[in-house]
Amino acid sequence: MIIAIIQARMGSKRLPGKSLMKIEGKPLIWHVINRVKQSRYVEQVVLATSERPENKPLMEEAEKAGAKAFAGDENDVLDRFYKAAKKYGAKDSDILIRITGDCPLIDPEIIDLNIKTFMDKKLDYVHSGLSYPDGIGDCEVFTFKSLEEAWNKTTGSDREHVTPYFWKNPNIFKSATIENKEDLSEYIFSVDEKSQFEAVKRIYTGLGRKEKKKEGNKREDEEKKKKEWTFNMREIIDFVKKNPEVHDMTKNIDRSCPTQHVRDQNKKKYAKSLALLKKAKELTPCASQTYSKSYKYYCEGAAPVFLDHGKGSHVWDIDGNEFIDFVGALGAITVGYCNEEVDKAVSEQLKKGISFSQSTALEVELAEKLVKIIPSAEMVRFVKNGSDATSAAVRLARAYTKREVIATSGYHGYQDWYVGSTENDRGVPACCKELTKKFEYNNIGSLKKVFDDNLGKVACVIMEAVQENGPNKGYLEAVKELTHKNGALLIFDEVVTGFRIHLAGAQGLFKVTPDLTALGKGMGNGLSLSAVVGKKEILKLIEEGAFISTTHGGEALSIAGSIATINILERKGSFEHVWNLGKKLRTGLQKLINKKGLGKSVELKGLDVHFSPSFKSTGKLTNYDLLSVFQQTMIENGILVLTSSTLCLAHTDEDINKYLAAADKALELVKKAVENDRVDDILTGGKFSPIFKRNKDR
Ligand code: PMP
């Protein structure tokens, strides 16, 4: 049996009693039921409402429209839905369709497409994607058996909804999303506001009348009328295109605040994230553990805050919104979320134990692998974060040279010796700050000055080998020569570049081998692991008083996962794949920038495999204003971006196409912002406001 269950209540906050408001003489709920009944597959329609007395008339109207009615728990909607299905005879393999009562324009053809796909592909869960207009395609399909499992296992606030258990467990439920060929996500036909209700009335009158005129038949023929009211998605879209004022009404546009309707939509879309953010702000500084994972780095209110799970290149937030992720856990994800091989290695190790009283054989295996792969590696010390690895390298360089001054270029983490040289230097002793000297990338004269000003005192040069658009020809070689000539050590901070741009990192790509290397981020596909690697005679100092030791350094899950990650990355074609995607992305983005004449406002910086759109301040607007417009629009279109485009092995050509389609819209708005010198009419959330600012930002 195939049962459609419609959830509806009288108690809408914004438009109380909307379910009984009349469209062409019939209550709204009657129309929802009428349209669902036009499905070729649906055999039974059930209204699932709450037990509150105000819903009684709603139940009566549903029955008049030919549906069964059920009243259940007000808040535990999952329980209400389950009991409604059970009461009307649903058995294990019976198919259930979830519909919401605020969609009087729901399209039976789309319901049928969902049901057919569900049956043909033998799926456990299918739903219409965001490319369908809101309120026209909204339906989800699953079996009663799956619903029962969700009913048994769902806990807490997730029970306020019916399907979180399905979208949070893609490993258990074979799922699919049906997308429309054309992206119609800008259209809204669900009814939350008075103006949207009026718009739906206009559509019914408009499309219904046309039919009547054609037939020239004034007779009230109930059966014919029912059919007349099932105009499909195409007809509805054509109608609002011809009647733009109706389109505005559907979006509930308040002319005094052009973005208000989107703000309202976002409150719904990110309801759980925003509620949890309130709590998190009280409990954890920046409501996150890493600055750049904080809500401050995303347009607050117009972006997710908390993520729930990931698979491949996609992530889902706690509200169930899906995104293609181009942030990659700040560069930690190299082969993709929930990669089966990495997860298998981790879960097998988990069965044996996480951390032990002595070393494991895995440490030796991974050290041997790194020595084979990384040109500068003769010995390895494992730590946990990038900051641990860069700080260990600096400690070793100071111990080896018996000098104290550090020359640095790039970002290296949160320890005193580095953050003391930035504007975020609170809590760092002055004596420590004095020892760190900055030099400019791709400017050998700038490094020479540091050496000349600190003759015989510089212990090491620590640098990100790739900054801006990468090293000028001969630059890294010149840095190495100058450093060694001055008796200092060269450290490459490959926390970002390691396992991302080349199997052997920047030193492999540019063929310049440093004395020491800091690795981190991508080496464990998200597991917490980093390492300092380098010459044996330097690493050996760890045995002679250069103290580098942590409880969790040899923790076995991350090491097992890292071995599996590197095994995958070592395969032929891995780096070719990410470079090819990167080239396609960069070329496509550059074309869009050129086409829109935005060359002066945004520049692409970095290597093809890992680059950032860098926005420039213009007129009254800051670089962050423009970045916010870009980021907000990308996120609105299902693409999670921060500043740089981080690719992993799981990204596909299709992901790149989707990024570019979203960027087309995002850059159009950037253009509008630049032309009008304002963003207040575009931004629907807060602005990107980093804690850590780079020199040229304002
Ligand atoms: N070096 C570089 C180049 C980095 O980008 C980072 C982190 N973004 C670090 C070091 C510090 O790594 P972690 O945050 O893991 O301590």
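Each ligand, and each atom within it, is numbered from 1 in the order the structure gives. Numbering starts at 1 and runs along the sequence shown. A quick note: this is a predicted structure, and the numbers were derived from the prediction, not measured.
In terms of protein heavy-atom proximity, atom 8 (N) of ligand 1 is closest to Lys521 NZ, 3.0 Å. For atom 16 (O) of ligand 1, the nearest protein heavy atom (residue, atom name, distance) is Ser387 OG, 2.5 Å. Nearest protein neighbour of atom 12 (O) of ligand 1, counting heavy atoms only, is Gly386 CA, 3.2 Å. Protein heavy atom closest to atom 4 (C) of ligand 1, with residue, atom name and distance, is Tyr411 CD2, 3.5 Å. In terms of protein heavy-atom proximity, atom 5 (O) of ligand 1 is closest to Val496 CG2, 3.2 Å.
For ligand 1, the atoms lying closer than 4.0 Å to a non-hydrogen atom of Glu464 are 3 (C). Every atom of ligand 1 is numbered from 1 in the order shown, and the set under 4.0 Å from a heavy atom of Asp493 is 1 (N), 2 (C), 3 (C), 10 (C).
Under the 6.0 Å cut-off for aromatic ring centres, Tyr291 and Tyr297 do not qualify, their centroids lying 6.0 Å or more apart.
The side-chain heavy atoms of Glu494 and Gln507, taken from C-beta on, include a pair separated by under 4.5 Å. Between Ser558 and Lys384 there is a side-chain heavy-atom pair separated by less than 4.5 Å. The shortest side-chain heavy-atom distance between Val629 and Leu683 falls under the 4.5 Å cut-off.
Residues Ser421 and Thr436 come closest through the heavy atom pair CB-CG2, 3.9 Å.
Side-chain atoms of Glu378 do not come within 3.5 Å of backbone N or O of Glu537 as any donor-acceptor pair.
Here Val495 has side-chain heavy atoms under 4.0 Å from ligand 1, and that is the only part of it that gets that close.
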